[in-house]
Student: 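Quick one: the structure is below, questions incoming.
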Amino acid sequence: MTPTLVLAAHGSRDPRFGATARRVRNAVASSLPGVEVVLSYLDLDEPLVGDVLGQLGGSDSPHHGPVVVPMLLSAGYHHKIDLPSIIASRRPTARQTDVMGTRSLAGALADRLIEAGLGPHDGVILSAVGSSDPAADRSVRLRAIELSTRLHRPVEVVFATKLGPHDRAVVSAVRRLRAGGARRIAVSPYFLSAGLLTERVESALDALVDDTLVAGPLGTHPDVIEAIGSLYRTAADQRVVPAGH
């Protein structure tokens, strides 16, 4: 029996996120013929992942329990605490994979910038959510280093939830990029979907500079779909041990 793939997205009150998540789910399902792919959310949207896990049919053996892939870009609280607790209480035979962002998506970020019209003299700001977990923020900075290497230019990181008084984080990032010779500032959203947080960084940047370039979010980029598929295939090929054993 082929394990069900449960996609665990964060969730958002912004309807654009749900629409994007559904498109990702459909693309993943197309890339994994014969695999049932179910979309769920950790918060703010429905169905919630706990409800999905509790209602799934099929085998409950350790060999065939569902595989839960967190559609998250860094491994913070939801990945380390929240989701394992939900799985343990609702479907102990489910196997939780690493977050989607453990697979490098620098190529996808670069593609989105190029699609938007990245020029040779553009400085790049990688915008991301920001976490209370230092390790999660470090993983975002690693993505920025990878993107910088790919683009052969500096990339500054700005966390949308940590802009500081008077958008100090954006001001500092722009100042450093200008000092390095950037003529225009480009924003690379390290987000699955456009939403209020991506717009927070864009609005702060618009208040500082006249000419900006904003790339699209990751969305259904092939690297995103492959990252999810790779995590699923690795987990599905391994024996699942019930939580607490």
Student: Could you check whether any side-chain heavy atom of L205 comes within less than 4.5 Å of a side-chain heavy atom of I185, counting everything from C-beta outward?
Tutor: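 They are in side-chain contact.
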Student: Quick one, V174 and V209 - any side-chain contact, counting heavy atoms below 4.5 Å?
Tutor: yes
Student: Please name the pair of heavy atoms, one in F191 and one in A160, separated by the smallest distance, quoted to 0.1 Å.
Tutor: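 Residues F191 and A160, closest heavy atoms: CZ-CB, 4.4 Å.
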Student: Evaluate R23 against T20 for side chain to side chain contact (heavy atoms under 4.5 Å, CB included), listing each step before the verdict.
Tutor: CA-CA 5 Å; R23 287 194 293 270; T20 300; 3.2 Å; yes
Student: Rounded to the nearest 0.5 Å, what separates atom CZ in R168 from atom CG in L163?
Tutor: 10.5 Å
Student: For residues V158 and A173, report the shortest heavy-atom separation together with the two atoms involved.
Tutor: CG2-CB, 3.9 Å
Student: Report the distance from atom CG of L126 to atom CZ of F159, rounding to the nearest 0.5 Å.
Tutor: 8.0 Å
Student: Give the intermediate values and the outcome of salt bridge (charged side-chain N to carboxylate O under 4.0 Å, His left out) for residues R16 and E199.
Tutor: CA-CA 12 Å; R16 289 174 291 180; E199 291 173 352; 2.8 Å; yes
Student: R90 and side-chain contact (heavy atoms from CB on, under 4.5 Å): which partner among V49, D51, V52?
Tutor: D51
Student: If hydrophobic clusters are built from ILVMFWY residues whose side chains come within less than 4.5 Å, do V157 and V129 share one?
Tutor: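 The answer is no; the residues belong to distinct hydrophobic clusters.
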Student: Is it the case that the side chains of D43 and H10 hold a donor-acceptor pair, with the cut-off being a distance below 3.5 Å and no angle test?
Tutor: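 Judged by distance alone, the side chains do not pair up.
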Student: Between the main-chain N or O of P120 and the side-chain N or O of R183, is there a donor-acceptor pair closer than 3.5 Å?
Tutor: no
Student: Just by distance, do the side chain of S40 and the backbone of L7 share a donor-acceptor pair under 3.5 Å?
Tutor: yes
Student: Using the rule that two of Ile, Leu, Val, Met, Phe, Trp, Tyr join whenever any of their side-chain heavy atoms come within less than 4.5 Å, decide whether L177 and V187 are in one cluster.
Tutor: yes
Student: Closest approach of F17 and D45, non-hydrogen atoms and distance?
Tutor: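 Closest approach of F17 to D45, heavy atoms only: CD2-OD2, 4.2 Å.
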Student: Checking side chain to side chain contact (heavy atoms under 4.5 Å, CB included) for the pair K80/D133: CA distance, chi angles, key distance, verdict?
Tutor: CA-CA 10 Å; K80 296 177 180 178; D133 186 328; 2.7 Å; yes
Student: Let me confirm one number: the OG-CG distance from S104 to L142, rounded to the nearest 0.5 Å.
Tutor: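 Interatomic distance, S104 OG to L142 CG, rounded to 0.5 Å: 7.5 Å.
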Student: Please check: side-chain N/O of R112 versus main-chain N/O of A215, any donor-acceptor pairing under 3.5 Å?
Tutor: no
Student: With sequence neighbours excluded, give me every salt bridge (Lys or Arg N to Asp or Glu O under 4.0 Å) pair touching residues 218-228.
Tutor: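 Listed once each, the pairs are E226-R233.
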Student: Minimum heavy-atom separation for L105 to R143, with atom names?
Tutor: N-CD, 4.4 Å
Student: Step by step, work out the side chain to side chain contact (heavy atoms under 4.5 Å, CB included) result for H166 and V171.
Tutor: CA-CA 8 Å; H166 309 294; V171 173; over 6 Å; no
Student: Donor-acceptor pair, distance only, cut-off 3.5 Å: does the side chain of S89 make one with the backbone of I86?
Tutor: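 Yes, because the side chain of S89 sits within donor-acceptor range (under 3.5 Å) of the backbone of I86.
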Student: Is there a side-chain contact between T97 and P70 in this structure, where contact means two heavy atoms from C-beta onward sitting under 4.5 Å apart?
Tutor: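 Heavy-atom side-chain distance check passes, below 4.5 Å.
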Student: Would you say that T4 contacts V67 through its side chain, given a criterion of any heavy-atom pair below 4.5 Å between the two side chains?
Tutor: no
Student: Considering all heavy atoms of both residues, which atom of G195 and which atom of D14 are nearest to each other, and what is their separation?
Tutor: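 Distance-wise, the nearest heavy atoms are CA-OD2, 3.5 Å.
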Student: Using atom types as modelled and distance alone, determine if a side-chain donor or acceptor of S85 lies under 3.5 Å from a backbone N or O of D82.
Tutor: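 Answer holds: no.
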Student: For a side chain to side chain contact (heavy atoms under 4.5 Å, CB included) check, start with the C-alpha distance between M100 and L73, then their side-chain angles and the critical distance, and finish with the verdict.
Tutor: CA-CA 6 Å; M100 182 178 71; L73 293 169; 3.5 Å; yes
Student: Do V38 and I87 share a hydrophobic cluster, counting only Ile, Leu, Val, Met, Phe, Trp and Tyr and linking them when any side-chain heavy atoms are less than 4.5 Å apart?
Tutor: yes
Student: Do Y190 side-chain atoms and A144 backbone N/O form a donor-acceptor pair below 3.5 Å?
Tutor: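 No.
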Student: Is a salt bridge present between D137 and K162, judged by a nitrogen-to-oxygen distance below 4.0 Å?
Tutor: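 Between K162 and D137 there is a salt bridge, with a charged N closer than 4.0 Å to a carboxylate O.
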Student: Same cluster or not: I114 versus L109, using hydrophobic residues (I, L, V, M, F, W, Y) connected whenever any side-chain heavy atoms lie under 4.5 Å apart?
Tutor: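 In one cluster with I114: L109, no.
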Student: Is there a donor-acceptor pair closer than 3.5 Å between any side-chain N or O of R91 and the backbone N or O of L56?
Tutor: yes
Student: Between G117 and D122, which heavy-atom pair has the shortest distance, and what is it?
Tutor: O-OD2, 4.1 Å
Student: Checking side-chain contact (heavy atoms from CB on, under 4.5 Å) against V24, which of L39, L218, I225 comes through?
Tutor: I225
Student: Would one find more than 12 heavy atoms of other residues, nucleotides or ligands at under 6.0 Å from atom CZ of R176?
Tutor: yes
Student: Side-chain heavy atoms under 4.5 angstrom apart, residues restricted to Ile, Leu, Val, Met, Phe, Trp, Tyr: same cluster for L32 and V224?
Tutor: yes
Student: Does a side-chain heavy-atom distance below 4.5 Å link L48 with L42?
Tutor: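 Answer no - side chains too far apart.
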Student: Let me confirm one number: the CG-OG distance from N26 to S31, rounded to the nearest 0.5 Å.
Tutor: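 If we round to the nearest 0.5 Å, N26:CG and S31:OG are 11.0 Å apart.
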Student: Are any side-chain N or O atoms of R184 and backbone N or O atoms of L213, one a donor and one an acceptor, separated by less than 3.5 Å?
Tutor: no
Student: Please round to the nearest 0.5 Å and tell me the distance separating atom CG of L118 and atom CG of L151.
Tutor: 6.0 Å
Student: For H79, is there any backbone N or O sitting under 3.5 Å from a side-chain donor or acceptor partner on Q96?
Tutor: yes
Student: Are any non-hydrogen side-chain atoms of T102 and L231 less than 4.5 angstrom apart?
Tutor: yes
Student: Within the side chain of S131, is there an N or O that forms a donor-acceptor pair under 3.5 Å with the backbone of A136?
Tutor: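 Flag not set: sc S131 to bb A136 has no pair under 3.5 Å.
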Student: For a 4.5 angstrom cut-off between non-hydrogen side-chain atoms, does V69 reach D98?
Tutor: no
Student: Would you check if H221 and D111 make a side-chain contact, meaning some heavy-atom pair closer than 4.5 Å?
Tutor: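 Touching, per the 4.5 Å side-chain cut-off.
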Student: How long is the span from the OG1 atom in T149 to the CD atom in E146, to the nearest 0.5 Å?
Tutor: 7.5 Å
